[in-house]
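What you see is a predicted model; the values in this text were computed from it and never measured. So that the names make sense, note that chain A is the first sequence line, chain B the second, and so on, each numbered from 1.
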Amino acid sequence: MNNITNIGTQTDWIVLVVYMITMLLFGSYFAKYNKDTNDFFFGGRRFSWWLIAMSIVATGISSHSFVKYSAMGFKYGFSSSMSYINDWFFVPLFMFGWLPIIIYSKIRSIPEYFERRFSPAARFLVTILQLLYLIGYVGIGFLTMGKAILPLMPESMSIFGINFHVTLMGLIWVTAIITGAYITFGGQTAVIFTDLVQGTMLIFAGLLVFFLGISYVGGWNSLWNLLPTSWKLPFAGYNSPAEFNSVGTFWEDAIAGSVGFLFMNMGLIMRFMATKNVHEGRKAAAANILFMLPISAVVVGGGGWVAKAISEMNPNILPPNTNPDTIFVVVANILTGPGVFGFVVAAIAAALMSTVSTLLNAASAIYVNDVDEPLRIWLKKLDRGQRLEEKKAMFVARLSTVAFTFLGVLAVYAFVSYPTIYQAHAFFHATLTPPLMIAIFLGAFWKKYTPAGLVTTVIGGISLMLLGNRFPYELIRPIAHGTPFDPVHPYTYISALYNLIVCGALAVLVTLFQHQLKKLSARIYKNKRHNLIIYGMIAFSTIVVITDILVTLLRLDVASVEVLFSLSIIMSFFVALITTHYVKYDPEAQTTGLTIWSIHKAKEYFKGRKLNEREGEKVFVHWKLITDDNEDIISFSQRDMHKMEAHPGDLVYLCDARKYLGGLKSVHTVYGEPHTEDGIVYIRKRHLESGLFVEGKILYGEKEM
Amino acid sequence: MKLDFMNTWLPFIYLYVGGGIFFLMGLIIIRKSKALDMRQKRHRFWWKALIFGYFYFMALHAFLIIAALYL
């Protein structure tokens, strides 16, 4: 494979560095909007759909980055777009199930949802999985960035007389420090606004390379004729080659990946939680998947497509054996001049910073809510139901962001052995997504799903998944749809199907047999030696889990696959029984408002009183300040209230009427008793501080519910 | 790669039948649970948008396959 180094000019480096510094300053500017952790993590739940949609583009494009899709575009053609146009299948459940549930239940993290829906043990397990997922994702992001910038670098460089050998990991450490600094001080508002700039820039940069490439090869017709027919198909081969095929990609990306991205990615969920209401969240999701993702497919894959055409036209300019992971940077260098090339690389940097900063912010949110707070309660430094002082919480949030940046870099070492980033990412999705996917899906959409079902899905499911990884030929091949067996990285994609089957089957079986498990648990409890029986089952389960981990990680041959698989099934049964025995679960209380079947209740819970769903109009008003008190209510005139179909106690959204601000200057509050001055809203100091309204500027009020 | 049915139209069929099952399940669940309330004007819009989305992507993929094979 041909590895290219030291491309680009000094001008390109200047553009790149200036861009990075500008973004750092731009992000830091928005730190003033971080009054508390709600602002830091969720941007105050105030933004318009278009701002969030653009922000998601910046995040989405980077995570399915320029590097990996250009690489696949170069090797396989238009089928690199597969992952970008297969995300619609779960949108109904997202828009009308998961999105309203997470917003109306006022959770601050996905693990918190699991505590309310199931038990603290469920929260603990999901926290571990979520953090692993986010840290892994950060690792993939850093690896992408390192591989993108490496071709620009000389083999060694000298700073202050000290000679450095430039390595991939060295570059990744430097990138991590810059990104970590930017998110640590900026918070979610910084992420959303810098994303607006970065999203625009990277779409422009990707399309620029694509159109310059078309022009370079002599127009669209030449590009079309230069590409072999198989390069023009939108799908990879059905089940081959092993490293890229349609059936594997369906299970790994269209199913596990789409759900992972929409339902599990706390970073993305936090973006939706930053929209001003559920309806805006739905608009953001639809705009993103219907329009922005197909465009993004061209933006990220186009470089690879034109690179293939150039290499067909003139292999001396672009050798066919060029390292695919460097192809975007290499082709951009061929097509653009000094300075413009720097801009294109800056766009990739932007994409990475955007994704990684989102993920770091999300990991930090989970740490504050699901590790730090429960730990303080456990150590009796905080009372249950009490929140940590905001100043301290912000400090913990920032400190944890730094720690997760560090862990993200360490995670790179797990993926660096894969030949392409695409495969590393696929392995990551196929492995980490299924247990959480099943947990979220059945938790939110199946009322009968129990804590025993969830805990067994995670512990038993992971054990069986580990065995699938250790014995792929025996366990995955029967359902591999004829995908070739690659002994080095076996069934990278189709393993997602096996993982979904084992996790899903355990979840369904344990839930369906919950009644029998309860009976058995009661019988054990009546036994004089019930403690001994339960502890025996715990010991057995622990030994089996540890054995499965060791067998997989150290590739041990302690027993046959049949024996290990049977032991893991028995262990799963014990885990279900132990959970049924210990966990107190009230199916009525712990499903109301927390599954799709009681979404109306969730809305009532959110509002805190009966709903008023009559559709009213927006009203435009000037604001006046009340300084006598600082209650969280605002007052409109009787006529304006009538126009909005609102009553005192209903929820209202008050926002600066300048649309281009996208809701930046806005507040959520409650209607107070009406007055008689039409066109005037009376607000308090707290609303002014949070909304940062400008004197003389018109606001609009809109009833929420 | 051989340009036979298995590598051209089968991935398309697999995606839209396999994905379609999940999509249909989603539609049924949101209707039966009344999370999507057809009495609301906004929800009626979203119902149409959801169905449109499925066929929009299907048409896009079908067009790309036909273009690759015959244009």
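Counting heavy atoms from C-beta on, the side chains of B:Leu10 and A:Val247 never come closer than 4.5 Å.
For A:Ala236, the part sitting under 4.5 Å from any heavy atom of chain B is the backbone (N, CA, C, O) and nothing else. With a 4.5 Å cut-off on non-hydrogen atoms, A:Met95 touches chain B through its side chain but not through its backbone. Only the side chain of A:Pro294 comes within contact range of chain B, with heavy atoms under 4.5 Å apart. Only the side chain of B:Leu60 comes within less than 4.5 Å of a heavy atom of chain A; its backbone N, CA, C and O stay farther away. Proximity to chain B is limited to the side chain of A:Phe90, based on heavy atoms less than 4.5 angstrom apart.
Between B:Leu15 and A:Ala254 the shortest heavy-atom distance is CD1-CB, 4.2 Å.
Put simply, of B:Ile21, B:Leu24, B:Leu64, B:Leu69, the one with the most heavy-atom pairs under 4.5 Å next to chain A is B:Leu64. For the set A:Leu233, A:Ile255, A:Ile599, the count of heavy-atom pairs under 4.5 angstrom toward chain B peaks at A:Leu233.
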Could you please show the donor-acceptor pairs under 3.5 angstrom between chain A and chain B, with distances rounded to 0.1 Å?
residue	atom	partner	partner atom	Å
A:Trp88	NE1	B:Leu50	O	2.8
A:Trp224	NE1	B:Leu71	O	3.2
A:Tyr238	N	B:Asn7	OD1	2.9
A:Trp251	NE1	B:Tyr14	OH	2.9
A:His279	ND1	B:Trp46	NE1	3.3
A:Leu290	O	B:Tyr56	OH	2.8
A:His481	NE2	B:Tyr14	OH	2.7

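In this pair, A:Phe89 and B:Phe23 present their aromatic rings perpendicular. The plane angle is above 60°, beyond the 30 to 60° band.
Paired with A:Pro92 under the rule side chain to side chain contact (heavy atoms under 4.5 Å, CB included), one option of B:Ile29, B:Ile30, B:Leu36 passes, and it is B:Ile30.
Residue B:Phe57 holds its CZ atom at 7.0 Å from CD1 of A:Ile289, rounded to the nearest 0.5 Å.
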Going through the distances and angles, do A:Phe235 and B:Ile65 end up as a side-chain contact (heavy atoms from CB on, under 4.5 Å)? CA-CA 8 Å; A:Phe235 292 105; B:Ile65 296 173; 3.8 Å; yes

